[in-house]
Every structure is written in C-alpha cells, then in structure tokens.
Amino acid sequence: MVQVKEGKLIGSGAKFGIVVARFNEFICSKLLGGAYDALHRHGVDDADITTAWVPGAFEIPLIAQKMAESGKYDAVICLGAVIRGATSHYDLVCGESAKGIAQASLKTGIPIMFGVITTENIEQAIERAGTKAGNKGFDVATSAIEMVNLIKEL
Ligand SMILES: Nc1c(NC[C@H](O)[C@H](O)[C@H](O)CO)[nH]c(=O)[nH]c1=O
Ligand SMILES: CC(=O)[C@@H](O)COP(=O)(O)O
C-alpha cells in the first residue's frame, strides 16, 4: 500500500513570520492583507503572526533567514512586488530575491515561502494582489500552512 503524505490546511497552533517589502507598498500591503486573511481563515491567531517590513525584495532573504534561524517560527512567508523598469535592475532584484529565499529555506530547514510577485507592469501586479488573478499573498500563506503540516507528517 503506497503511503501518501500531504499537509492539512489547519493553521491553529503554528507560528508564522512574514517578511514584506515596502517597495511598491500599494501592492505589497494588499499581498499582506491576503496573507493575513488566509492565516486567519485557517485558524491562526494574531498572536502567532509576526510581520517584518524591509525596504525591498532584495532585503527579504536576510530577514527571512534570521527569522527561520531564530526557532520562533514554523514557517516564514515572504511578500514583495518587483515591477520591471527601464533597466536590467529588475532581473537582478528578482533573481537574488528568489535565490536567497530558496537558499535560506534549504539552509535552515524551515519552509520559507516565495510570495514575491515579479511582473512586467503595474497592471499585472494589481491583478495578482486581489483582483482578477487572485491574491498571491493568500496563496503562499495557505501553502505555508500546508508545508508546516506536511513536515509534521514526515
Ligand atoms: N525596483 C524594485 C526594488 N528595488 C529595491 C531593492 O529591492 C533594494 O531594496 C534596493 O536595491 C536596496 O538594496 N525592490 C522591490 O521590492 N521591487 C521593485 O520593483
Ligand atoms: C525592478 C526595479 O528595480 C525597477 O523599479 C527599477 O527601475 P529602473 O530599471 O527604471 O531603474
């Protein structure tokens, strides 16, 4: 009989860190609201959520790793919005943010969720921050709950 493991979407009792970028705050605040909504609707109390604001997506990995290393959190949710400008800066910020978050998760063994939206324009960002494409903050927060419970099952 094949053993199948998957995480339940029950968040009560788990502790979550959130790292959110202030750059494009109009978008990121909506992502944060979506993450709070997901955590609350899956039973997470405000007392079990800690939110840290950083200047931009480039700074997310460091604070996410610090949170993960602290032992205080079962998962860390990273939220940001990188919107392409006129130069190659977009590619560097996206790449380093994604790589840094992934490396921090593997280094610490704590689920660190990639909730940084990377878009070609503001319209695409708005679509992913609570309009026609949903709210990516809600999605990654829900995935964080799943990962916390999956790890407990292993
Ligand atoms: N252009 C965007 C940035 N740029 C700022 C960097 O993330 C970083 O804060 C700065 O280079 C100082 O180290 N950040 C975003 O989150 N989104 C952008 O679109
Ligand atoms: C994603 C970015 O870093 C972007 O906002 C920077 O804009 P620009 O490439 O026009 O300097």
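Since the structure is predicted, the reported quantities are computational estimates derived from the model, not experimental observations. Just so you know, ligand 1 is whichever comes first in the structure, and atom 1 is the first atom listed for that ligand.
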*Do L31 and N135 pass the side-chain contact (heavy atoms from CB on, under 4.5 Å) test, and can you show the C-alpha distance, the side-chain angles, and the key distance before you say yes or no?*
CA-CA 6 Å; L31 297 176; N135 187 306; 4.0 Å; yes
*Excluding sequence neighbours, so at least two apart, what forms salt bridge (Lys or Arg N to Asp or Glu O under 4.0 Å) with E6?*
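E6 satisfies salt bridge (Lys or Arg N to Asp or Glu O under 4.0 Å) with no residue once adjacent residues are dropped.
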Quick one: are [X] and [Y] in side-chain contact, heavy atoms under 4.5 Å?
| X | Y | value |
| --- | --- | --- |
| Y36 | T51 | yes |
| T119 | I27 | no |
| F58 | L92 | no |
| F114 | V140 | no |

*Applying a heavy-atom distance cut-off of 4.0 Å, which protein residues contact ligand 2?*
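For ligand 2, the contacting residues are V82, I83, G85, A86, T87, H89, Y90.
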*Taking the side chain from S97 and the backbone from A57, do they hold a donor-acceptor pair closer than 3.5 Å?*
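Yes, S97 side chain to A57 backbone: donor-acceptor pair under 3.5 Å.
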Please table the atom pairs, donor to acceptor, closer than 3.5 Å between any side-chain atom in residues 42-49 and protein atoms at least two apart or in another chain.
residue, atom, partner, partner atom, Å
H42, ND1, A38, O, 2.7
D46, OD1, H40, NE2, 2.4
D48, OD1, K15, NZ, 2.7

_Pair E96 + K99, salt bridge at N-O below 4.0 Å_ =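 Looking at E96 and K99, the cut-off is met.
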*Quick one, list the residues around ligand 1 where some non-hydrogen atom comes in under 4.0 Å, by chain and residue number.*
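For ligand 1, the residues that come within the 4.0 Å heavy-atom cutoff are F23, N24, G56, A57, F58, E59, A81, V82, I83, H89, V93.
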